[in-house]
Peer 1: 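The structure is given below, and queries will be raised subsequently.
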Amino acid sequence: QVQLVESGGGSVQAGGSLRLSCQASGYTLSRQSCVGWFRQVPGKEREGVATIYRNGIAIYVTYADSVKGRFTISQDAAKNTVYLQMNSLKPEDTAMYYCATVGSASVSPCPPGLPSAGFFGAWGQGTQVTVSS
């Protein structure tokens, strides 16, 4: 059974940085499966932030326009962990952040652009990020 656990959230002032971690158990994140970070604020739909996919030859990453140049998604296969480095944080980045993976035994590359939440089959419980002005 796939289990994802996010950590690293917290409260920071605008311009600050945080690094979120998503550690998996029961599943190998680097096994050619799309992994994504999403965020959600109350009353709004879950929004894709970044995705990462590695196929043994290359690593493919995608970002939402709102975070390009500020956020970096990366993966540590040895630790079975995906990270989201968030720099130059803004108050509008305040949200609950979730990581997700397809969770399938078959190869599951990320589709073009940012996939919707429905593309992913396994989710973590989320970690809160609050950015004050």
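Excluded from the calculations below are hydrogen atoms, water molecules and symmetry mates; all remaining heavy atoms, backbone and side chain alike, are included.
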Peer 1: Compute whether any side-chain donor of one residue and acceptor of the other, for Thr101 and Ser33, lie under 3.5 angstrom apart.
Peer 2: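 The criterion, which ignores hydrogens and geometry beyond distance, is satisfied for Ser33 and Thr101.
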Peer 1: Search all heavy atoms of Ser17 against all heavy atoms of Gln85 and return the closest pair with its distance.
Peer 2: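 Heavy-atom minimum between the residues: CB-NE2, 4.0 Å.
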Peer 1: Less than 4.5 Å apart, side chain to side chain, heavy atoms only: is that true for Lys90 and Arg70?
Peer 2: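 Side chain of Lys90 against side chain of Arg70, heavy atoms only: contact under 4.5 Å found.
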Peer 1: Under a 4.5 Å side-chain heavy-atom rule over Ile, Leu, Val, Met, Phe, Trp and Tyr, are Leu84 and Ile59 clustered together?
Peer 2: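 Per the 4.5 Å side-chain linkage, Leu84 and Ile59 are co-clustered.
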Peer 1: Going by heavy atoms in the side chains, are Arg54 and Gln75 under 4.5 Å from each other?
Peer 2: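 They are in contact (side-chain heavy atoms under 4.5 Å apart), so the answer is yes.
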Peer 1: Hey, does the side chain of Asp65 reach the backbone of Lys68 with a donor-acceptor pair shorter than 3.5 angstrom?
Peer 2: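 A pair under 3.5 Å: no.
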Peer 1: Provide the closest heavy-atom pair for Phe38 versus Pro115 in the form atom of the first, atom of the second, distance.
Peer 2: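 Heavy-atom minimum between the residues: CZ-O, 3.5 Å.
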Peer 1: Answer yes or no on whether Arg46 is positioned over the face of Tyr98, meaning its NZ or CZ is under 6.0 Å from the six-membered ring centre and within 45° of the axis.
Peer 2: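 The answer is yes; both the distance and angle limits are met.
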Peer 1: For residues Trp123 and Val5: do they belong to one hydrophobic cluster (side chain heavy atoms under 4.5 Å, members Ile, Leu, Val, Met, Phe, Trp, Tyr)?
Peer 2: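 No, Trp123 and Val5 fall in different hydrophobic clusters.
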Peer 1: Under the 3.5 angstrom rule, does the side chain of Tyr60 hit a backbone N or O of Cys34 as a donor-acceptor pair?
Peer 2: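 No, Tyr60 side chain to Cys34 backbone: no donor-acceptor pair under 3.5 Å.
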Peer 1: Minimum heavy-atom separation for Val2 and Ala122, please, with both atom names.
Peer 2: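 Scanning both residues, the minimum pair turns out to be CG1-CB, 3.7 Å.
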Peer 1: Return the OG1 to CD1 distance between Thr62 and Ile52, rounded to the nearest 0.5 Å.
Peer 2: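 So the gap between those two atoms works out to 10.0 Å.
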Peer 1: Check for me, please, whether Val102 and Val82 land in the same ILVMFWY cluster - side-chain distances under 4.5 Å, paths through other members count.
Peer 2: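 Hydrophobic grouping puts Val102 apart from Val82.
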Peer 1: Do Thr81 and Asp76 pair up side chain to side chain, a donor and an acceptor below 3.5 Å, judged on atom types alone?
Peer 2: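 Their side chains do not contain a donor-acceptor pair, so the 3.5 Å distance test is not met.
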Peer 1: Answer yes or no: is there a side-chain heavy-atom contact under 4.5 Å between Val129 and Leu18?
Peer 2: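 Side-chain contact under 4.5 Å: yes.
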Peer 1: Does any N or O in the side chain of Asn80 come within less than 3.5 Å of the main-chain N or O of Ala77, such that one atom is a donor and the other an acceptor?
Peer 2: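 No; judged by distance alone, with no hydrogens or angles, the pair does not exist.
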Peer 1: Does any non-hydrogen side-chain atom of Cys22 lie less than 4.5 Å from one of Trp37?
Peer 2: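 Of all side-chain heavy-atom pairs linking Cys22 with Trp37, at least one is under 4.5 Å.
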Peer 1: If you take all heavy atoms of Gly9 and Thr127, which pair is closest and at what distance?
Peer 2: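 Between these two residues, the closest heavy atoms are N-OG1, 3.1 Å.
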Peer 1: Transitively linked via ILVMFWY side-chain contacts under 4.5 Å: Met96 with Ile73?
Peer 2: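 Per the 4.5 Å side-chain linkage, Met96 and Ile73 are not co-clustered.
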Peer 1: If you compare all heavy atoms of Asp93 against all heavy atoms of Val131, which two are closest, and at what distance to 0.1 Å?
Peer 2: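 For Asp93 versus Val131, the nearest heavy atoms are CB-CG2, 4.3 Å.
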Peer 1: Is there a donor-acceptor contact under 3.5 Å from the side chain of Glu6 to the main chain of Leu20?
Peer 2: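 Such a contact is absent between Glu6 side chain and Leu20 backbone.
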Peer 1: Using the rule that two of Ile, Leu, Val, Met, Phe, Trp, Tyr join whenever any of their side-chain heavy atoms come within less than 4.5 Å, decide whether Val49 and Val12 are in one cluster.
Peer 2: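 Linked, Val49 and Val12 end up in one cluster.
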Peer 1: Which heavy atom in Thr94 sits nearest to a heavy atom in Gln128, and how many Å separate them?
Peer 2: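 That would be CG2-NE2, 4.1 Å.
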Peer 1: Quick one: CG on Leu4 to OG on Ser25, what's the gap to the nearest 0.5 Å?
Peer 2: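 The OG atom of Ser25 is 7.5 Å from CG of Leu4, to the nearest 0.5 Å.
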Peer 1: Check the orientation of Phe71 and Tyr97. Use parallel for under 30°, tilted for 30 to 60°, and perpendicular for over 60°.
Peer 2: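 Phe71 vs Tyr97 ring planes: tilted.
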Peer 1: Between Arg39 (side chain) and Glu47 (backbone), is there a donor-acceptor pair under 3.5 Å?
Peer 2: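 Absent.
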Peer 1: Using a distance-only test with no angle check, is there a side-chain donor-acceptor pair under 3.5 angstrom linking Thr51 and Tyr63?
Peer 2: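 Tyr63 and Thr51 do not have a side-chain donor-acceptor pair below 3.5 Å.
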